[in-house]
Amino acid sequence: MIEAPLEDPSNGDNVYKSVFIIFFQGDQLKTRVKKICEGFRATLYPCPEAPADRREMAMGVMTRIEDLNTVLGQTQDHRHRVLVAAAKNLKNWFVKVRKIKAIYHTLNLFNLDVTQKCLIAECWVPVLDLESIQMALRRGTERSGGSSVPPILNRMETYEDPPTYNRTNKFTKAFQALIDAYGVASYREMNPAPYTIITFPFLFAVMFGDLGHGTIMALFGLWMILKEKPLSAKKSDNEIWNIFFGGRYIIFLMGVFSMYTGLIYNDIFSKSLNIFGSGWTINYNESTIMTNKALQLDPRDAFHRTYPLGMDPVWQVAPLNKIIFMNGFKMKLSIILGVIHMIFGVVVGLFNHRYFKNTLNIYAEFIPQMIFLIFLFFYMTLLMFIKWMRYSASNPDPKSSHCAPSILITFINMVLFKESTVLTESCETPYMYSGQAGIQRLLVLSAFVCVPWMLFAKPIIIMQERKKRQHQPILPYSGEGQDAENGQPQSIQPAVTESHGGHDNEDMSEIFIHQGIHTIEYVLGSVSHTASYLRLWALSLAHAQLAEVLWNMVLQNGLKTGGAIGGVALWAIFAFWAILTVGILVLMEGLSAFLHTLRLHWVEFQSKFYAGQGYAFQPFAFEAILEGSGSSTEE
Amino acid sequence: MGALPFIIFTAIFGVIGIVLPIVAPKGPNRGIVQCVLILTGATCWLFWLCCYMAQMNPLIGPKLHQNTILIMAREWGNQLPVNPEPHH
């Protein structure tokens, strides 16, 4: 058997070949041997008898092998060179082919004119861009050698739903993407994205509030922003990096706001800053101090001024009841922020109604919605402010701290029409201001009246309008207005859109059901969403506690060890602490707070006004096509 | 409870949220810049206000450990009214 494998020319595999020398006598054996060899598909070579001839043959074969090897080598070299030269142009060719293919694909969508001489395209065009499109068409005509017939741009009327186009720059693009992920805005409705630019990082920061972690996040975002161009040129496949990089402005803003809320919460890596000096002083005498393991400061004697910026630093060193105080503050803060956010949402809905000329909605939906929200929940936030202002430990009864009524109990009693009870005799009254009982009853009754208002006003008015229309002669078909939303409720038009103005096709029962669902959603939602905002408190508490645990259980051990060993220990422990801080507190808590903020925006805020039934405007753009195909066909 | 911090911080956030949007640079982004400034001023002011008002009239005081009290008395310049010798 030949030791070196030979290459099979048909499929390039290496095969082992064996050589046999066959001796035979006579012709008959010769034919038989030949047949057998043909059966085995063996190649037959004549072997000369004389050794000299055999040597000659061997040499001839060797020469031929060498020649053939040379030819093979040259061919391979040549092929390699041709391929290398082609490879340089390969990317350009791919791009060209994709562009051409996309152009022809789009051309296929055109209609052929009646005269078979030109192509007609129907497309959506942003009104503001009509000028630039005309100029582009003119440029195209010039560049293609100035054909005799210039392309014409005509504005058409249609009843179809136009796509939604929100112009964004690199800063606003990420926030718009957050909103679009839930649902693209319906045509011409209010876009929540500009408000999201600030409310999103702000609500995130309320949950994340730590000066140190906020700084880390802000620096990371800032680095990505400053190195925008080089980083985006390096097209990366890493999904996670692309997500972070795409949201660099969001991350930066979240970090900056977290620095602010961290400053107000007075929390930097679970420690407090003491910029202005604490407002609390010690005034127990020495014997009292030495005989008690723990003492509570009385605000009447120990408190002399409010810390001007944020939380007083004394609370950080009072682990025994710091959480009780912070809970009261943060829970009230969450409800206040939540109610204001929701009222803002309802007001945005008002702008929607006004734009679509939906006066029925303003009277039948917006006003009762506002009354319900304000009379109940905004009143609760007013109670919080009143309690903060009126009750103090340094006040005598009835405005002292132990007479301060619980706002939650007050609110529950208010809604259930129960009488509040006095806590002690000296408190005189369970109410915060005179006339509270009467005012509260009025507020609750007004709010309860809003429910049937929301439920029945709109369907009944629609019913009456239809009856009126049936008695009127049918108006001439006025096919005006390319947007069906502009159709007046009186004219008879096929209302294709979701606008409430033209509910002509729906059954009365369907309208009642729709309105019922809408009302129940709103009323129940206002209670549940208000409570849902308490997650602002919950997450900030969890974040603060995690940071404290990390400091007390990890870094403090390194700080407390003394001597040279302490130095080395601190160095190692700091690394561990830093990794846990970035991994758990910044990344994990950051992701968690991000998701909760997103939920607050998508559900609690947007359910008050957002329809989100549109589809995105996707113009023909080479970058989008190349980017899309480039990522899908990666070699 | 002084009015000074209230005035100062309301003024700061008032400048951010009311004055700056009026003098915002004209350009395609004017609307967004105004929106951002107003919202920033409003939210940050409200946040500061809630924190300040929550501490204006405290209903409870901090409960401190003995060690903390002694250190606080020494480091934060508070004098113990009787037996002013601080323990080291």
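Chain letters run A, B, ... following the sequence lines, proteins first, then strands; residues in each count from 1. Values below: every heavy atom of this structure, side chains too, minus hydrogens, waters and symmetry copies.
Between chain B and the options A:Ile197, A:Val206, A:Leu333, heavy-atom pairs under 4.5 Å are most frequent for A:Leu333. When each of A:Tyr195, A:Phe303, A:Tyr265 is scored by its heavy-atom pairs under 4.5 Å with chain B, the top score falls to A:Phe303. For the set B:Thr40, B:Leu46, B:Asn67, the count of heavy-atom pairs under 4.5 angstrom toward chain A peaks at B:Thr40. Between chain B and the residues A:Thr288, A:Ile198, A:Thr199, A:Asn274, the largest count of heavy-atom pairs under 4.5 Å involves A:Ile198. For the set A:Gly328, A:Pro308, A:Ala393, A:Ala294, the entry with the most heavy-atom pairs within less than 4.5 Å of chain B is A:Pro308.
In this structure, A:Phe257 has its ring center at least 6.0 angstrom away from the ring center of B:Phe47.
By the 4.5 Å heavy-atom criterion applied to side chains, A:Tyr307 and B:Pro5 are not counted as neighbours. Using a 4.5 Å cut-off on side-chain heavy atoms (C-beta onward), A:Pro299 and B:Ile60 make no contact. Taking the side chain as every heavy atom from C-beta outward, A:Pro319 and B:His65 approach each other to under 4.5 Å. For the pair B:Met72/A:Thr281, no side-chain contact is recorded, criterion being any heavy-atom separation below 4.5 Å from C-beta on. Counting only heavy atoms from C-beta outward, the side chains of A:Ile289 and B:Gln66 approach each other to under 4.5 Å. For the pair A:Asn292/B:Ile69, no side-chain contact is recorded, criterion being any heavy-atom separation below 4.5 Å from C-beta on. Proximity of B:Asn57 to A:Arg390: side-chain heavy atoms (C-beta onward) are nowhere separated by under 4.5 Å.
One finds the CE atom of B:Met53 at 9.5 Å from the CD1 atom of A:Ile386 (value rounded to the nearest 0.5 Å). Here the CZ atom belonging to A:Phe325 is positioned 5.0 Å from the CD atom belonging to B:Gln55, to the nearest 0.5 angstrom. To the nearest 0.5 angstrom, A:Thr172 atom OG1 is 7.5 Å from B:Asn29 atom CG.
Closest approach of B:Cys50 to A:Phe385, counting heavy atoms only: SG-CZ, 4.3 Å. In terms of heavy atoms, B:Ala54 sits closest to A:Phe329 at CB-CD1, 3.6 Å. Shown here for B:Thr43 and A:Phe202, the closest heavy-atom pair between the two residues is O-CZ, 3.6 Å. Scanning all heavy atoms of the two residues, the minimum distance from B:Gly61 to A:Trp315 falls at C-CH2, 3.8 Å.
Proximity to chain A is limited to the side chain of B:Ile32, based on heavy atoms less than 4.5 angstrom apart. Of the two parts of A:Lys330, neither the backbone nor the side chain holds a non-hydrogen atom closer than 4.5 Å to a non-hydrogen atom of chain B. Of the atoms belonging to A:Met384, not a single heavy atom falls under 4.5 Å from chain B. Heavy atoms of B:Ile8 lying under 4.5 Å from chain A are absent altogether. With a threshold of 4.5 angstrom between heavy atoms, A:Leu295 approaches chain B through its backbone and through its side chain.
Judged by distance alone, with hydrogens and angles left aside, the side-chain atoms of A:Asn321 form no donor-acceptor pair with the main-chain N or O of B:Pro62 at under 3.5 Å.
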